[in-house]
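Comments concern the structure below.
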Amino acid sequence: MDVQMAVFHCADAFLRHLMVTKLSQCQYALPLLVPDPDTQQIEFPLWTFRQINKSWKMRNTNNEIISQTHPVYKTETPMVFFFRFGSVSSSKSQLMNSLINEKHNTFFHRNCPGSSRTRVLMDGVVEIAWFSPSGKNTDKFTDCVAFCNLHGDAGDHEKQLQILTEMSSVNVVLLPRLQKNDRSATIVESLYRNRKPLIFLFTEDESTVIERKKGKFKIGLKDRNQSEVSAELRRAINDCLSESSSTFRLEDVSKHSDIRVDEDDDEDCRRGREAAQQMMSLLEKKDLTEIKDSFLPHQGKLWRQWSQKNKELHRPRADEIEMEMIKIRERQHESNISEFMKFFFKQINSHDQHKNMYFFKWLRILLDEYISAGLSAQHYKYDEMWSTLLKLKENNDKSEQLKAEQTELERISEKLQATAFGLEHIMREIGQIYESCSSVKKNKKDLQVHFSSLPSLAAEMMISGFPLELMDGDAAHVPLVWISAVLDKLLQKLGDQRVFVLSVLGIQSSGKSTMLNAMFGLQFAVSAGRCTRGAFMQLVRVSDEMKTQMNFDYILVVDTEGLRALELAGRSMQHHDNEFATFVVGLGNLTLINIFGETPSEMQDILQIVVQAFMRMKKVRLNPSCMFVHQNVSDITAGEKNMEGRRRLQEKLDEMTKLAAKEEVCDAESFSDVIRFDVQNDVKYFAQLWEGSRPMAPPNPNYCDNIQELKKTILSHASKSHGIMLIDLKDRIKDLWDALLNERFVFSFRNSLEISAYRKLETEYSKWSWSLRSAMMETENKLHNKIETEAIHEIEETYLQRKLKKTSEEVKKSMSEFFEKDKDKEILIYWKISFEMKIKDVQENIVRETKRKLNEILHQRDLKKKIDAQRKHHENTLYEKSKELALKLKDKANDEETLKKTFDSFWEQCVKIIRDTPLIRDIDIMRDVREILSDVYESAPVGHWSSREYNNMFTVMSYCEYVIFRRSTKKGMADVLKRIRTYRETSGFAQTLSPEDEAQIRALVTDVAQQTDTKIQSFNISKMGYNISCIQQLAGYIKARVTEHQEGVKYVFKNEFFMVLFLSICNRAKEMITDQHRLFKEAHDHVLYLERKRGEYYSIFQKYCHGATSAAIFGEIICQKLKEPIEQSVYKKTARDLTDEIMKNCESLNGNRSNMEKHILKTLAEEEDFDKYMNYIHNPRDHFKSFIRDEVSRYITDKFNVSVLRKMKENIELLQQKIMKAAHESTEHVQVNRGDAGLWLKSFTQKLSDDLIFSEKDLSGVKHDVDDFSFLEDVIRKELFTIIIDISSRFHTKTFPAKLDYKFRPDEILIDYFCQCCWVQCPFCGAVCTNTIENHHGDHSVAFHRLRGINGTYYHSTNNLCADICTHLLASDQCFYTSDGSFLYRDYRRAGGIYAKWSITPDLSELPYWKWFVCRFQKDLEKYYSKTFEGSGKIPYEWRKYSKRDAIESLDKLI
């Protein structure tokens, strides 16, 4: 006891309050008067008693049992005061225990285990305990009686003695033997003369009970039977109480002077009490059942109406519901804030956290006290009515009386619901004030603070240990906006902590909340009449010590209302329970299934609900674990019985699994098929909570042991779990609730955490695949150089694999670390194998594609040998002739002007000869296209078509005008006609082609366009030049694909289809082909080429004239020959480096496909260009390419000086160093081997073959009789420096792309990388699948869909564009039609074909982006499609509230 008192003295007010409350729950005596160890001043800890209630039952004069529940501080009961004088041999505390409860040590005494005779802090302490009768004949006292116990010699503690003897109903004093000269004799004599009953207990007397005079008893204790003494003492006390009318009220102790009351000494406590009392004064004389409607209007009828409408909105519905919900929110916002709530806001805005804690405590205490009487009365009526109903049902009574009683029971249940009023309802009101303000986006006039600050208050309360209502039990709805806002604030205050979510499910009043409170010291309501409604969550911080064993920072405990709750009698209980269990199970990392006893019927009902919930989790790939707790089990030590119980539970779970599997359409035979479950370790049996009969029974020690064992097992489960991040918890709550609102949970569930993890994986996959591609690009470039210089003549796949091996190992290591260490590794494991296979496929494809491209270069090298040879012949001829002329003029021409004129004359004569050779002409792609088409279709007027006189095949709305249906058999024709008629009646286009046909043709057009792009790249026009055969090859390929497509379909294409497709593809490609041909012409047109070289030739001519050495001239020739390869190498290397940098730094290009889609949509919104929108909608691949080009161009322009130019200079300097190194090493090589200029040149070119397209053949016609190689090296150094300066001076944003071959440009590299993805479009709205992998496994999906009218879809038999979204239609009962008949939107997969390959989740989220777009461009859309948004397609008024900013911000939330 000294230890207890030491803690009590050291504790603050809240810990004292908690200690005393727990002591009371355990039926232990409580400290009433406590002397200060230092000053001996007596303290009355009234605050610690404030939350303690006592319940008892007693019989009235009619012998009816009456229940009573009162707070102890104001309960008026008789009080028996025990004290002693001197040292006595008998234990006073032990004697008192025998009066109250023989089986429990209510008062700690000298004979208790762990006790000692010496006391340090207990002397002078007065403890109090109460006896509470049960209304039975065996009760020791018929009324509630308080017992006070003064520790130590009463003579030493006169103040305590005086107070208690005055306030008591009966005084009981223990004495060894009364002597006249004892100092206590005077006090005893005074008490004896007083009229108050007095009982003497003499420890040295052997006499039985003697009544000396009325109300004065004497009992001897020496050598007497303890039971007899107790019985005599009890009779004596009862006799005294029957004659005494004196009562004791604990609160009155504070009226005595010279004692300190803890509440009065604590200013914060006092002010908190005053504030709470002021609030309570507003409730005076109010009908309990009307209080919530009057003082908390925001959570009443309007909130329940909105909740119901929200459920209807997610189910078969009318279009007006969304508007009705907005109006309800507006009315809710217009509701006045009550004075009660205004006062609450005023108090909590004091920013004094300590005072607010007192205020919340006081408010809870006073509210509980205020409603307790009303709740007790209502519960009494409810119990009576329920008993009557059960009797009627047992008698199979189906009379009107049964219906009337059921109606009355429902009415009482509603009153019970209305009467319940606690701090949770005030917080619910705050939540609804916040939601209504958020909805209308403005503050309430009578709200003293801005509504945006309200979530912060709730977050602070959660951190302080208060539970937060997660699901409103009255409206059976989750206030998502409020909960999300509170969790956001929690995230700000705590950081993104990892939490382990522990939830509990069970039947009402099965001890769920009590179990959680005992296990974690929580504050969930457990008092009678205050059963949990809905769901509450409370944070439990994990200590630093425990964090070393756990993987999380907090445990989030979710307490829930009971399944099959009596309050819900008469409602659709099964649906409510199934919905509720699914929500709670989905939220928890571990769910405790609490079963009270082992009643088979109750077990069966709850197990079926629970098994079905876990089955749903399995189907949506959530993997919670579970434990079963059997409470109130007798004889839990019987091992055989426990084994039998576990076997029975396993059988029942397997049975329920089979039943649930039928309902959920799932292949499961046993519970272990649904969830990992160990029946030996995951089933716990709990002893009864109370040891004996209530209300005097203390807690069962075995129950406490069971709690500790369960806690240990839970923490063991938790240590193996990674929990969930706070930021993800918010999404999980939303996902679960949204899916439940849609009724079909598995079909509707959108796992945001899984989606987020997958997007993260896609982003990493993008990095891994780019690493492989980037590494191979480097290898490809080196091999390309070697091929061009004829250093190699074949490409081996094994060589490419070896070059990629190092990067491949690094990627494997990175993948392994990602899957093993990422916070979402438990989710990511689902895709580990598939992504490992994808990376393997990517690697093989890269190697295969690189080999193909390099083999093409080898093939094209051989083809263009003639062109190169001719060019080199002209170069070398000019060189030799200019050399001859220079040697003739050597020492004759003394001035530069004469030399210049002589050279110019010579040059003109030479070039005139070359001009006579055929020139490379400019090209006209579309002229060649029309020529080819005219040859194929002689009657077609293609010669007169311009690019604007035919449709663009990539943007046509429908292909019906390009097809003719085949002739068919009678039966087949009837089928075709039926198909046409059905589609005409039901489709948005009233056309002959079904949606499947349209989709197939669109896929053909898209794929042909992609393949022709690849073919054009393979022509390598920049190296080989353009020829009409290129267009002929394209025409042949397109014709073959069109012909192939016609096989097996019921239509053939008109000639116009091929013609328009061919024209569209060529028109789109003409710019690229023309640009490629320009590069070829610049490189291979002899006149142009030589004109560029004129200055170089003149420089060499001058040197010959001035008698320069062979080494000097040879060195200059080498440098002049290196100039173009250096320039090309620098540009190509910079392009590769820049591509890497853009992938890392450009926000729109550094993530996955969804990220790029988001930035495209943002850019479109910011630019507000309707034509670009139409290009994006109807031709997404081309728009993506344009977007990438624009982003790269913008990046190059913005970063040219700080990044691009720096990279170019770095690369040219690096190349300069490599060239000089090669020259120096070649000089050493020649000197060692005594070689000539030929050996030097061979060595020099070989060393540069990785970096430059430069070979010996480039100097094959140049004679080089060099013998001073050191001097040659110096010449090269000097000339190279000049060339480097010249090349560097031309670095510019405009020259950067112009100098690069098409395929080496950063934008084209990125287009090639990013556009090798999925381009399949949603069959309903046309949104493009965002999967980054082409021909990917699994379903197509997109982050969010769009309005169908955007791509021109309109309602049948009207000109009204559709104003609905396919994800909304999936939540309705509406149908769509295909050639195979009609299908419900929500059963779209049954339509087969492309429909079966899409994963579309019903989603009624706002989608502000496309709603804003339709409103912003309504007139443009109507003009573009020649249709209107009227009638069924009328744009709802509320859509116009969205601004461009709302639209752009919504993208960050959705993608």
Side-chain angles (χ1 to χ4, degrees), residues 15 18-19 21-23 25-26 462 465-467 497-507 510-526 532 535-560 584-585 587-596 610 624-633 636-637 642 645-646 649 675-691 698-724:
L15 181 54
L18 180 64
M19 284 177 63
T21 303
K22 294 296 182 187
L23 285 170
Q25 289 172 354
C26 295
M462 275 196 79
F466 287 91
Q497 302 290 305
R498 187 176 292 279
V499 297
F500 179 81
V501 184
L502 174 68
S503 54
V504 62
L505 274 176
I507 296 169
S510 60
K512 301 183 302 300
S513 302
T514 303
M515 177 176 69
L516 293 174
N517 289 352
M519 205 177 329
F520 296 108
L522 305 180
Q523 298 185 36
F524 294 124
V526 294
T532 307
F536 288 82
M537 55 183 180
Q538 188 169 344
L539 275 177
V540 180
R541 188 175 178 277
V542 176
S543 67
D544 293 337
E545 182 184 354
M546 290 294 288
K547 280 182 186 178
T548 59
Q549 305 167 36
M550 306 296 168
N551 298 313
F552 45 85
D553 308 288
Y554 286 87
I555 296 175
L556 185 77
V557 183
V558 180
D559 189 23
T560 61
V584 172
V585 165
L587 197 57
N589 298 114
L590 172 65
T591 303
L592 295 180
I593 315 300
N594 195 56
I595 300 171
F596 194 70
V610 167
S625 51
C626 75
M627 290 183 65
F628 288 85
V629 178
H630 281 277
Q631 292 216 42
N632 209 41
V633 177
I636 63 164
T637 56
N642 288 352
R646 285 186 168 91
L649 175 64
I675 189 172
R676 290 193 305 273
F677 176 70
D678 181 353
V679 75
Q680 296 300 324
N681 297 314
D682 294 336
V683 179
K684 301 296 178 186
Y685 289 92
F686 266 42
Q688 296 176 0
L689 171 59
W690 304 110
E691 192 172 37
N700 188 338
N702 287 331
Y703 180 87
C704 302
D705 293 340
N706 299 149
I707 285 284
Q708 284 302 110
E709 185 183 348
L710 176 62
K711 185 175 181 179
K712 184 179 177 182
T713 309
I714 289 170
L715 293 177
S716 174
H717 271 279
S719 66
K720 299 168 189 171
S721 168
H722 288 272
I724 187 171

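Please read these numbers as outputs of a predicted model, since none were measured by experiment. We use all heavy atoms of the structure for the numbers below, so side chains are in, but hydrogens, waters and symmetry mates are not.
- In terms of the ring pair (Phe, Tyr, Trp, His ring centres under 6.0 Å) criterion, residue partners of Phe552 (sequence neighbours excluded) are, by chain and number, Phe500.
- Across Ile675 and Cys626, no two heavy atoms sit closer than the pair CD1-N, 4.1 Å.
- With no hydrogens or angles considered, a side-chain donor-acceptor pair links Asp682 and His717 at under 3.5 Å.
- Every residue was checked against the side chain to side chain donor-acceptor pair (under 3.5 Å) condition with Asp553, not counting sequence neighbours, and none meets it.
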TODO: Verify side-chain contact (heavy atoms from CB on, under 4.5 Å) between Leu592 and Met515, making sure each step is shown before the conclusion.
DONE: CA-CA 11 Å; Leu592 295 180; Met515 177 176 69; 3.8 Å; yes
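- Heavy atoms of other residues, nucleotides or ligands lying less than 6.0 angstrom from CD of Glu545 number 12 at most.
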Task: Residues Met537, Met462; criterion side-chain contact (heavy atoms from CB on, under 4.5 Å); working and verdict - done: CA-CA 9 Å; Met537 55 183 180; Met462 275 196 79; 4.1 Å; yes
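- Residues satisfying the side chain to side chain donor-acceptor pair (under 3.5 Å) criterion with Asp544, sequence neighbours excluded, are absent altogether.
- Every residue meeting the side-chain contact (heavy atoms from CB on, under 4.5 Å) condition with Ser503, not counting sequence neighbours, appears here in chain and number order: Val558, Val584, Thr591.
- The salt bridge (charged side-chain N to carboxylate O under 4.0 Å, His left out) pairs that include a residue from residues 700-709 are Lys684-Glu709, where partners are two or more places apart or lie in different chains.
- Counted by atom type alone, Gln631 and Asn594 present one or more donor-acceptor pairs between their side chains at under 3.5 Å.
- Every residue meeting the side-chain contact (heavy atoms from CB on, under 4.5 Å) condition with Cys26, not counting sequence neighbours, appears here in chain and number order: Tyr28, Pro699.
- For the side-chain contact (heavy atoms from CB on, under 4.5 Å) test, residues two or more places apart in sequence or in another chain that qualify with Pro624 are Val585, Phe614, Met617, Leu622.
- Residue Trp690 holds its CH2 atom at 7.0 Å from CD of Gln25, rounded to the nearest 0.5 Å.
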- [ ] Give the C-alpha distance, both sets of side-chain angles, the deciding distance and a yes or no for side-chain contact (heavy atoms from CB on, under 4.5 Å) between Val540 and Val557.
- [x] CA-CA 7 Å; Val540 180; Val557 183; 4.0 Å; yes
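- For the side chain to side chain contact (heavy atoms under 4.5 Å, CB included) criterion with Ile555, the lone passing option out of Ile714, Leu715, Leu539 is Leu715.
- Remark: Leu18 pairs with Leu15, Lys22 by the side-chain contact (heavy atoms from CB on, under 4.5 Å) rule, at least two apart or across chains.
- Ring-plane geometry between Phe677 and Phe628 is classed as perpendicular, the angle between the planes exceeding 60 degrees on a 0 to 90 degree scale with a lower cut at 30.
- Panel note: side chain Arg676, backbone Ser625; no donor-acceptor pair is recorded below 3.5 Å.
- Not counting sequence neighbours, Phe520 has no partner by the ring pair (Phe, Tyr, Trp, His ring centres under 6.0 Å) test.
- Scanning both residues, Ala687 and Asn706, for their nearest heavy atoms gives N-OD1, 2.8 Å.
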